[in-house]
Amino acid sequence: MVMHRDSEMHVRRRGRNLGLLVVLIGFIAVVFAVTVVKVRTGGLQEGFDHVLRPQMIEGQTEGASQ
Amino acid sequence: MTDLSLHSIPDSAVPETEPAFGDYVALLKPRLMSLCVFTAFVGLVVAPGAMHPVLAAVSILFIALGAGASGALNMWVDHDIDAVMKRTSGRPIPDGRVARDDALALGLGLSGISVVMLGLVANWVAAGLLAFTIFFYAVIYSIWLKRTTHWNTVVGGAAGALPPVIGWAAATGGLGWEAVAMFALLFAWQPTHFWALALFVKLDYHRAGIPMLTVTRGRDETRRQALLWAVLTVPASLFLALSPVGGPLTLAVALVLNAVWMQRAIVVWRRDDAASEADGHAAEKALFKWSLVYMLAHFAVLAVEAGLLSFGLGGW
């Protein structure tokens, strides 16, 4: 069986698919990196830990120290 | 046994709408994106407060993606104009490499992704500003202003001036006078930058029916307006240099930049087309080149000043 070279159309499609693959892997890496940073810094978790924390209530810290 | 054979398709049979990956990248206007990356980066770096480097880099990435999305939407809107003008006739849509609907889908899709991701990574003030910038460039500028008034260059410049404000908002969660000054500097700088170019490059906007100032009000008025906006750029530059994000180095650089900027704008204003033709538009080209130096140096020195500040140097 003789294998012919790919047509220009196939070359373009392959390039497009590979490009999309790189973009999707890159997007996953970005989301993963952001998730790791957000979890480590913990800024968003403070309000959702279901524990009453006096320092989160305005004026409470001053009142507690008096 | 099945005999499977592959047949090559002659190149001439490749459909025009079979785009390569690079054609989609070209839709995003990479050069415009790089400018947005630079100014947004400076806006983010000079802003008070610390942002995690990963979050800062990803924020810049999605600001750039939003700029790219607005570029794709602009090409979707401008497909008829681009086909007529020599400078833009090779773009993916008029050249037949990308279907117009694909550009719209790409622009809308990337707009949504970039705004939502910037909101999640940084904050929703920055995301809102990015959404507004995309809307302003694609709808207010491309659909409305560009085709109806010669004010398109001035008012439309707001979209190009917003990236440093988005960078600032990503870092701080709000706005500040320094961010407004960066916006004002870019906003006032753009008309002179563009009209200097329009005075020496034969932009065939008239063929596309676009009301550019050189066509609607003439080239002498364009020279006057270029000087007027050069003058208006100076206070924004000095305000920025004297603000908390500036410092002695920024002020010194700004003074030099403004001196040459004004001198070149005055030379362009004082001469006519005959003198311009005689020396091959030397003064107009000099003003255009300096406009690039002017903007890049302003933002670069702000970043340097912020770097010095972190070592206890620089700043007021």
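The sequence lines fix the lettering, A, B, ..., with proteins before strands; numbering per chain opens at 1.
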(message) I'd like to know if the side chain of A:Arg12 and the backbone of B:Glu18 have a donor-acceptor N/O pair within less than 3.5 Å.
(response) yes

(request) Might you confirm whether atom OH of B:Tyr24 has over 12 heavy atoms from other residues, nucleotides or ligands at distances under 6.0 Å? (result) yes

(message) Please classify the contact of A:Val11 with chain B as side chain, backbone, both or neither, using a heavy-atom distance under 4.5 Å.
(response) neither

(message) Measuring only between side-chain heavy atoms, which start at C-beta, is B:Phe21 closer than 4.5 Å to A:Val22?
(response) no

(request) Write out, in numerical order, the residues from residues 303-312 of chain B with a heavy atom short of 4.5 Å from a heavy atom in chain A. (result) none

(request) State the NE2-CZ distance between B:His52 and A:Arg40, to the nearest 0.5 angstrom. (result) 8.0 Å

(request) Using atom types as modelled and distance alone, determine if a side-chain donor or acceptor of A:Lys38 lies under 3.5 Å from a backbone N or O of B:Leu120. (result) yes

(message) Which atoms of A:Leu20 are under 4.5 Å from chain B, going by heavy atoms: the side chain, the backbone, both sets, or neither?
(response) backbone

Do any side-chain atoms of residues 126-134 of chain B form donor-acceptor pairs under 3.5 angstrom with protein atoms, and if so which ones, sequence neighbours left out?
{"residue": "B:Thr133", "atom": "OG1", "partner": "B:Leu129", "partner atom": "O", "Å": "2.7"}

(request) From the options A:Val30, A:Val31, A:Val34, select the one residue that forms a side chain to side chain contact (heavy atoms under 4.5 Å, CB included) with B:Val121. (result) A:Val34

